[in-house]
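Following: one structure in structure tokens, then a few remarks.
Only heavy atoms go into these numbers, but all of them, side chains included; no hydrogens, no water, no symmetry mates.
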Amino acid sequence: MLPYTLNGHHTGHLIVYADVGLVALELSSDVMNLSATPGLPAEAGLRDVIMLKNKRNYPAEFTWQPVLGERGTAFSIRPAAGIVEAFQDLECEVVFHPSYHAPEDGEFVVQVNGGEHLKLRCHADLGPTQVMFMERRVLFGQVPLHLTTSRTALLHNHSQNHAFFQVVDPNPVPGLTVFPVQGVVPVGGTTELQVYLTPSAVMKFDTRLEVDIRGWRTIELRMGGTVEPPVVDIDVSSFHFGGIYCGSSITLPFKLINKGKTKAKVVFDLSRFRDFTLKFDADVMEESEDSLHPGTFKATIQGLSTMKCQLEFTPTEVASYDFIVPVNINQTEAPTPDPTPLPPTPAPSYKSIHHIIAPRPINVTVATPKRRIVATALRQPLEMSHHNLDFTLPSGFLRLETTGTKAQCKATLLINNSGKVLNWSLDSKGCGTAVEEGVFQFISSRGVPFLSPREGGTNVEDMLEPGQTYDLGVNFCPTTPGEYSAKVPIILNGNIERPYQYLHLYGVLHAPKLTFDPLAIVMTPVPLSTSTSTDLTIYAHGFTSKSVIDVELPEVEAGDGSKVTVLDVTFLEGQTIRPISGQHGQETPITLLCRINFSSPKPVSFTKAIKFVDSNGNSFSVPVTATADNCLLTAYPFVAQHRMDFQIVTEQGRTLPGNQSESKDSLNGGGEAVFIAVESPVRPPGTHTSSSTSSRFGVTSSTYEESEAVTESTYPSTPRDGAVNRATRGQESQVTHHDHAGDIATRSLGSAVFPNEETEEGVFHHEVLTAVQRWITLHGWPGGPFPVLVPDGLRSGVSKGSAADAAQDKSSKTPATNNQKKNYTKTIYDLLAHLSGRPVPGIPVNQALPSDPTERVRQLHWQHTTMMTFLRTQGASISHIKPEFLFEPPDYYRWVLVLARVTPRQYKNLPTAGGVPLPSINPDPLCSNIYCVGERILLSWLNHHYENQRHKIWCNAQKGGVPASRWVVNFDYDLLDGLVLGAILAAHVPFLINTHLVGMYTHPSTAEQCLHNALKVVTAFRYIGLDYDIQAIDITDPNPVSLLMLCVHLYQRLPQYTPKTTVEFVGTLHETVIRQVQLSNPSNKPLVYHAIIAGQDARDFDLPKGGIVTIPPKTKHDLKVNFTSRFLRPAQAVLVLVGRRAGAATGTTLVFNLRTVIDNITPDGLIQCESPCYQLKRVDLEIFNPFKESGEFKIVLAETVSLTDGGGSNGPTKKNSVKRIRSKVDHGQRKVKVPSPTVAEEVSTDLDVVANKGSSSQVTAFYVECKSVHLEAEAGSIISVDFLPFHLGKFQCSVLLINEEVGEFIYGIDATSLLPIPSALPYVPSRHSMRISSGAAAGTGRGMFGGDEQIIYWTCESNTVLKEELIVPATNIAKERALVIAAQKGMSTVELLRRHVTDTLTSSTVTAAVRS
């Protein structure tokens, strides 16, 4: 109850009623149909948005729940939960994850906390596809039994939609397997099927491989081949070694002969006879001895070839051998009987495959060569106590006063175990320089040294009686530090050709040396003038005296040719080596810790050696690789590692104002952005940053955290579709020091190693890798988008042909199949040639790589070296990448040419929106230490359009008003709310403002609102055909490199959306007008365009031949566009033609403005009426809705009048012809200036006020009581129009029925105003005047005078003059009544009720308002 008081005396109250309802949400649609978006990869899925609307005054909390059917669901939705504020809306993204078995229908339930649940049904349409095999057939030829032979089959997608396939039978032939069984063939791309054949029986087959394409048909590929049994032989009948002394060895050569046409794998099992070993002279594809099964020797021999082998017998104990060599051929576990004929019973085929030649497997017994080995191990006649003598001398050995120490002399004892006299000797002439020069000196048992061969000495020899011993000494006498070795043959009884045994000598004289951990330093690329450091551990070995280590730093050549010193070394604990172990040197290495600092004010990229020099002048070097560049693409690893302790500021250390500045001048007055360290109590000024790969990775938390949950699909989804599991700080592993060689080698690679994907840094690098793959797929190829997998696709794309294809072309008479394959094969050299505008010189792209593994590696190493030299000439900072690194996933070289086309010259030629010129760019390339010229151009482009568009887009925004000004200085956090990207779209594609951008949250404060904005932007991309694989989560969870590449894509593509010309459509309302847009293809390749009509009135335009336009080479094509008008106002739309890949050509985007003019209007019906002046006439007008939609139509009256003289006739009016009138009804919109045809009359009106174009004092003559009428589709109704003229003449009224969504139509009324009915005169009785009533007139026979009492009759005599005075009323009563009626019809319902209560409906104030 609400009390009130009037004038301080009269009190009363109002009763207020309110309905308290439940919290409720509404869906923009109960059914969602998802279709494929051209240009997006298959992993992106099918995507669309659904809007949740909250029309009530309380926030609504919601949760999405999927309804799982028998086949699960392939749909997911984001955000899975959230809050929709009061009187607001929120968009959610629905994603269909396609696969061959993914169900096309799904359902979700929206659970509203405290309200009713809603259901959403989803349906996915993958669209038509067309997939073909690139080969007509796959020929296996002759394949070996029991061995695996592989072939590849390529599926090529010729359609405009991704194709999902499944192999009908992955095992059509026994032993044949196809992988993968399911998969996807991207648009314009290929998918490789691996076909493996491991036959277990001899057979001949010719069959079909069937692959079912979802939504299309089953395609077939013919495959055939012949399985051949192996035929391998050995060229010797048996191996007879005879008697061999234990400890000695003997080798028998033989040849392994493959008489078959297929390769054979031969396995010799000598595991039971370890004294026998095999050696193969030729390179075998496997290890000669199986490490898992010692004594087993393997060799693979090609068809019709011979391999040289050696069987070596080295007995260790007395024994006698007589056995058959166990030989296994092609994994056949058969014994070694004679060859058997083929068995008569074939094995049947159980597959339901229509074979061309049904395979009939035949089991055979593989014959293995039977070779006998006979050998006897005899007792050693001469026994040696030591066969190996090793010497190790310290580094200070040469400076000792005496050298006759036991450490340099060792001996072996020779014993005669036979019953005969033995003559033994050492063959020192063929032992190498160490024996010849006397480094190893032999000592007799009497202590007398033998002379070396260079000193003229003879062989060392002597004689031993049975049971006698001989102590043979060896002195190690090196003159210089180093390693020495010798293999000395021992000869018995003068048998020089067959040495009895060998004495192995090895000695090393250590020298003082320095070793380093890591072995090489690869520093993380840093921005200019940014200090980074890496710790280096120096190990000092063998120093016997004090030594001071000095450092020699290299000079580096900068990009401008100047020499600079950018490295610095600091010893953390001194640089002096102080050994403490005496004259033999320090046994445990002395450790020195130093720190290598790097900072460069100019761009450099180098690999140089830092020399560490001891006091004796000995130098030891460690290579250092470092890069400094003002480019985010180069320095992104450093940015990733130090996002917590570095920030972007303006020059002179002033922090950028960000969104606190509202001044437009702030865009030009703050200087350039620089990247500097954050000064805090934890991090004092001047603290250097470590760039070692073990540094902890931290990321500052965004203001907008990611939504907590995502409704997961039961089918595989892309990695970006869900939250990434990231390691927290507590979970990060601490780096400890490891001394083993593997860890040192890994640490030596430094930043060239891709981080662990489970770490935060690894996640960042993986996002960069995804962005690179996305960008290369879209921009990297001359023929338009081409799907490629990075890095696998680039690493394998080094040649367009293979050795197998070359061999097949050589054997086939029709090599066209492989030629077609080459046309669709893309290499990394095609990528570089397209991006740089010039081919990589000297690389034979079309030449197949060698089949020999060694030669193939050499060829690849040379190609990689040539390619890296080419990249360096283009400005790539890849000094830390070695050619051999490219055999593994590379990192930096893939995207060095991304910014090559963002240049100041191109920037100046960019079209500007609204005539506002783009700001100038500082020409100094070193004005920013983090951004290169291209990146600064992008930032300036973003800042300019955001500042100029934010007021235009969101001046009347209902979700926060105009956003605050901001200074965009980075490519992650400044873009995560989507507003800057929305402004860029609005500047180039203005029609997106009302349809997509105006509904964005301008001050987002929750994750759901940020995701809402990102969905708006991504939906706008897809709406205009801007095919870039970007998802909303990529914007809300920003990666600077990923969004930088998105900005590069927008920078290159959005200017193409500037309309080329305007196509005008002139016609009558509701008439279909046809115009043609002529497209020309000057190239030699066909062009395919996807046509889109977008804009406010896009539904009024139509492409009768569909949205796919194909233009043959060297021809022109007329594209028909139909327009059917529904409104009187000019319609506006945009025709967008987006080029799609068709073979090797892709057309550029074309945009045309579509404008319309309604030059005349023909009413749908016309009615005529007449009425005396000041008299109300009601006309019933039958109307009909010509549209196929129902709606509430607003009624608007527009009238014209043709005045006549006062003596106009009151007779019947002549029928007027229908006049065509030009409409100027603007519906509150700004009218576009168009050519105006000559028309007879013009009508001007708006939706609320009707203005008559006659005299300013005229009053409207037509009225309608109902302001609107509801009409069903193609149905009729009746409305009443009142005609109340105040002047004589002819009136025309146009009745407009308007619905802003459905359309407009018009009816006409032609009305005539007759003379008004005579007014009554006051009667004054006199002797000459009388008033005769109708009855009296009838009684006296004066009917000729009528019977109207308002008539005064005068009588007079003939030839007399009659004079009477008439009293004429001062007020025209009829007109006054008409004015009252007109005033009442113009009143609102409330005003009518008020005047009715106060009894002032006919007061003078009513008519006064009308007269005014």
With the side chain counted from C-beta on, respond yes when R1099 and R1126 share a heavy-atom pair under 4.5 Å apart, and no when they do not.
yes
Using 30° and 60° as the class limits, which term best fits the ring planes of F1123 and F1065: parallel, tilted or perpendicular?
tilted
Any non-hydrogen side-chain atom of F1152 less than 4.5 Å from a side-chain atom of P1059?
no
Looking only at side chains, do T1072 and T1124 share a donor and an acceptor under 3.5 Å apart?
yes
Between H1270 and E1272, is there a side-chain donor-acceptor contact under 3.5 Å, judged purely by atom types and distance?
yes
Side chains of I1195 and V1269: closer than 4.5 Å at any heavy-atom pair?
yes
Would you name the heavy atoms of S1171 and F1283 that are closest together and state the gap between them?
CB-CD2, 3.8 Å
Under the rule for side chain to side chain contact (heavy atoms under 4.5 Å, CB included), what residues qualify as partners of L22, not counting sequence neighbours?
none
Is there side-chain contact between T1002 and V962, with at least one heavy-atom pair below 4.5 Å?
no
Using a 4.5 Å cut-off on heavy atoms from C-beta on, say whether the side chain of L1288 contacts that of L1314.
no
Please examine the side chains of R1395 and T1400, heavy atoms only from C-beta on, and report whether any two atoms are closer than 4.5 Å.
yes
L52 side chain reached by L27 side chain, heavy atoms, under 4.5 Å:
yes
Is the gap between the ring centers of Y1023 and H996 under 6.0 Å?
yes
Compute the centroid of each ring, for H1070 and then for F1187, and state whether the two points are separated by less than 6.0 Å.
yes
Side chains of F1101 and N1122 in contact at under 4.5 Å (non-hydrogen atoms):
no
Please confirm whether the ring centroid of F1305 lies under 6.0 Å from the ring centroid of F1193.
yes
